[in-house]
Structures are given as C-alpha cells and as structure tokens.
Amino acid sequence: MSKKWYKEGLRFSCTGCGKCCTGSPGYVWVSDSEVEEIAQFLQIGFEECIKKYTRKVAGQLSLLEDYRSYDCVFLKDKSCQIYSTRPKQCRKFPWWPENLKTEKDWEEEAIRCEGINHADASLITFGEIEEQLDS
C-alpha cells in the first residue's frame with residue numbers, strides 16, 4: 001500500500017456550485033476528439049466550435065474564458081452548459097495531482113470547492129483516487 005497521505009480515502013461530492021470553473025486564470029486543455037464531442041453536443045461544426053470556444057496556447061487548444069471574471073466560456077448561471085460532454089480535465093476535478101500533493105494542498109482547494117470534505121460527501125477510496133490520477 002502506498003504511503004500517500006490520503007491512503008484512507010477522501011470525501012468529495014460535486015455540489016454543482018461552478019466554483020471550479022471560475023475565479024482564476026488557467027487552461028482547460030481539450031483534444032480534437034473532445035472538441036468534436038462538444039461540437040456535436042452543441043450541434044455546430046468542428047471548425048466553428050474551435051473558432052467560438054477555444055484558443056491556441058503553445059500549440060494546444062484550451063477552452064476560452066471570460067477575460068474579466070475568468071469564467072469558463074461554458075459556465076452560465078453557475079452551471080456548465082456542456083456538463084455531459086465536458087473535457088476529461090474537468091471530469092477529473094478535484095483529483096488533480098496539484099490538489100493531492102499534500103494534505104495542505106487538499107485543504108486549500110477545499111476553501112474554493114464546497115464539495116471537498118462536504119459533510120454529506122461519500123468517501124472516495126484510495127484506489128478510486130489513484131485510478132483518476134492514472135487515467
């Protein structure tokens with residue numbers, strides 16, 4: 001068994017608050033296949049989806065964000081408009097390596113994300129967490 005600090009598991013349940021989709025500049029990297037899924041969901045063409053909703057950064061595509069609020073382009077009324085087809089990076093939150101380096105990192109992310117350590121949240125096992133990190 002690993003000696004990682006979260007070996008007993010962690011509590012998390014998405015509350016749908018949208019705070020992980022706003023508030024600080026960053027990148028939501030998307031692959032061509034993810035753009036294609038989003039385009040199909042929005043019932044628009046692939047190229048139109050790229051032009052309207054992404055930007056190129058260091059040769060990679062990232063979803064656009066509002067330059068004032070840093071809201072993701074798909075966040076409307078605190079809700080993801082493409083939730084069922086959201087990118088892998090979004091699906092994996094909060095199981096990002098930077099959130100799991102130390103218990104302090106996890107607790108700092110919990111200040112922003114009300115679903116982390118939520119009283120009614122399910123216990124996510126060490127194995128489930130590691131699976132998210134490896135995928």
Side-chain angles (χ1 to χ4, degrees):
M1 177 61 96
S2 174
K3 294 187 179 181
K4 294 185 178 172
W5 69 270
Y6 53 88
K7 66 183 180 292
E8 300 299 321
L10 294 169
R11 295 205 175 274
F12 173 72
S13 180
C14 180
T15 65
C17 71
K19 291 179 185 170
C20 56
C21 307
T22 189
S24 58
Y27 304 104
V28 175
W29 304 112
V30 288
S31 66
D32 285 350
S33 62
E34 289 172 323
V35 172
E36 185 61 46
E37 287 179 36
I38 293 167
Q40 287 177 4
F41 179 80
L42 297 173
Q43 299 180 343
I44 62 174
F46 178 81
E47 290 300 324
E48 181 181 357
C49 189
I50 286 179
K51 286 178 186 171
K52 282 179 87 168
Y53 301 112
T54 70
R55 61 186 163 152
K56 208 156 212 157
V57 179
Q60 292 182 281
L61 289 177
S62 177
L63 294 181
L64 290 175
E65 58 192 19
D66 183 284
Y67 71 93
R68 296 172 305 247
S69 65
Y70 301 112
D71 287 359
C72 173
V73 68
F74 292 113
L75 186 67
K76 304 284 184 256
D77 300 320
K78 298 182 183 180
S79 180
C80 177
Q81 301 302 295
I82 61 163
Y83 191 81
S84 64
T85 57
R86 70 197 184 280
K88 181 180 180 179
Q89 181 178 335
C90 302
R91 292 175 191 271
K92 292 177 76 161
F93 182 84
W95 315 115
W96 295 348
E98 59 267 31
N99 293 338
L100 296 168
K101 278 185 197 169
T102 67
E103 190 169 358
K104 182 178 185 253
D105 292 322
W106 181 253
E107 295 301 329
E108 285 178 7
E109 192 62 25
I111 294 167
R112 203 169 71 112
C113 173
E114 63 188 42
I116 292 176
N117 301 332
H118 192 277
D120 298 327
S122 302
L123 181 69
I124 310 302
T125 68
F126 176 81
E128 291 170 308
I129 296 167
E130 290 291 288
E131 192 175 293
Q132 286 292 321
L133 288 169
D134 292 339
S135 65

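Only heavy atoms go into these numbers, but all of them, side chains included; no hydrogens, no water, no symmetry mates.
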So, the side chain of [X] versus the backbone of [Y]: is there a donor-acceptor pair under 3.5 Å, distance only?
{"X": "Lys76", "Y": "Val73", "result": "yes"}
{"X": "Arg11", "Y": "Ala119", "result": "no"}
{"X": "Glu114", "Y": "Arg112", "result": "no"}
{"X": "Thr54", "Y": "Ser62", "result": "no"}

Using 0.5 Å steps for rounding, measure from the [atom1] atom of [X] to the [atom2] atom of [Y].
{"X": "Leu133", "Y": "Asn99", "atom1": "CG", "atom2": "CG", "value": "9.5 Å"}
{"X": "Ser31", "Y": "Gln89", "atom1": "OG", "atom2": "CD", "value": "11.0 Å"}
{"X": "Phe12", "Y": "Glu128", "atom1": "CZ", "atom2": "CD", "value": "12.5 Å"}
{"X": "Arg91", "Y": "Tyr83", "atom1": "CZ", "atom2": "OH", "value": "8.5 Å"}
{"X": "Cys17", "Y": "His118", "atom1": "SG", "atom2": "NE2", "value": "10.0 Å"}

Closest non-hydrogen atom pair between [X] and [Y], with its separation:
{"X": "Thr15", "Y": "Gly115", "result": "CG2-CA, 4.1 Å"}
{"X": "Ile44", "Y": "Glu48", "result": "CB-OE1, 3.5 Å"}
{"X": "Lys78", "Y": "Leu75", "result": "C-CD1, 3.6 Å"}
{"X": "Gly9", "Y": "Leu123", "result": "C-CD1, 3.7 Å"}
{"X": "Leu100", "Y": "Trp106", "result": "CD2-CE3, 3.7 Å"}
{"X": "Cys90", "Y": "Val28", "result": "SG-CG1, 3.7 Å"}

ask   = Salt-bridged, Lys104 to Glu108, with N to O below 4.0 Å?
value = yes

query = Between Glu34 and Lys88, does at least one N-O distance fall below 4.0 Å, as a salt bridge requires?
reply = no

Taking only residues two or more places apart in sequence, or in another chain, which ones meet [X] in a side chain to side chain donor-acceptor pair (under 3.5 Å)?
{"X": "Glu36", "result": "Gln40"}
{"X": "Gln60", "result": "none"}
{"X": "Glu131", "result": "none"}

Hphob cluster co-occupancy, [X] + [Y], side-chain heavy atoms under 4.5 angstrom:
{"X": "Phe126", "Y": "Trp95", "value": "yes"}
{"X": "Tyr70", "Y": "Leu63", "value": "no"}
{"X": "Trp5", "Y": "Trp96", "value": "no"}
{"X": "Phe93", "Y": "Tyr27", "value": "no"}
{"X": "Leu64", "Y": "Leu42", "value": "yes"}

key: Residue pair Gln81, Phe41: steps toward the side chain to side chain contact (heavy atoms under 4.5 Å, CB included) verdict   = CA-CA 10 Å; Gln81 301 302 295; Phe41 179 80; 6.0 Å; no

task = Mind telling me whether Tyr53 and Phe74 have parallel, tilted or perpendicular rings, with 30° and 60° as the class edges?
result = tilted

Qualifying residue for side-chain contact (heavy atoms from CB on, under 4.5 Å) with Glu65, from Pro25, Ser24, Cys21 = Pro25

Worked verdict on Ile116 versus Leu10 for side chain to side chain contact (heavy atoms under 4.5 Å, CB included) = CA-CA 8 Å; Ile116 292 176; Leu10 294 169; over 6 Å; no

